[in-house]
Amino acid sequence: GAITSFHRLIVEQSQNKTLALIIDALSEITEKHLTLVYRNRQADDSTLRLKRLEQGFRSHERLAELIGKGDGPGAEAHWHKHMANVESFWLDDVKESSIDVLE
């Protein structure tokens, strides 16, 4: 999906071969988890879901801007804030683990 592709692109651009291997290994688990979260949140208000997606995409755009400007500390600070903001969305209310889905 688009979210996984974005994260993979960021890692590829870092030219960190170890991190690239790790993201490749985790990509299937990540995709399964995203699918699980969206399936469990189907009852969420569609307006709220759209708002969350738009916020996420704007945050990704901001990260790309900071990286493009060469602002490593700003990119790092932004991404820490992003991860804190999205943690509950991606982890709360998930009754099954992504590993269970893979089995």
Could you give the distance from CG (L26) to CG (L21), rounded to the nearest 0.5 Å? 11.0 Å
Out of L63, I67, D71, which one pairs with H78 under the side chain to side chain contact (heavy atoms under 4.5 Å, CB included) rule? L63
Under a 4.5 Å side-chain heavy-atom rule over Ile, Leu, Val, Met, Phe, Trp and Tyr, are L19 and L9 clustered together? no
Please determine whether a side-chain nitrogen of the Lys or Arg among R62 and E65 lies less than 4.0 Å from a carboxylate oxygen of the Asp or Glu. yes
Could you check whether any side-chain N or O of S59 sits under 3.5 Å from a backbone N or O of G56, counting only pairs where one atom can act as donor and the other as acceptor? no
Kindly compute the distance separating CG (L53) from NZ (K51), expressed to the nearest 0.5 Å. 12.5 Å
Value for CD1 (I23) from OG (S14), rounded to nearest 0.5 Å, stands at 9.0 Å
Locate the shortest heavy-atom distance separating S27 from T4; write the atom from each residue and the value. CB-CG2, 4.2 Å
Set out, in order, the CA-CA distance, both residues' side-chain angles and the distance that settles salt bridge (charged side-chain N to carboxylate O under 4.0 Å, His left out) for E61 and R58, then state yes or no. CA-CA 5 Å; E61 288 175 345; R58 280 195 308 273; over 6 Å; no
Angle between ring planes, H7 versus H60, binned at 30° and 60°: parallel, tilted or perpendicular? perpendicular
Check whether any side-chain heavy atom of R8 lies under 4.5 Å from a side-chain heavy atom of D24, and answer yes or no. yes
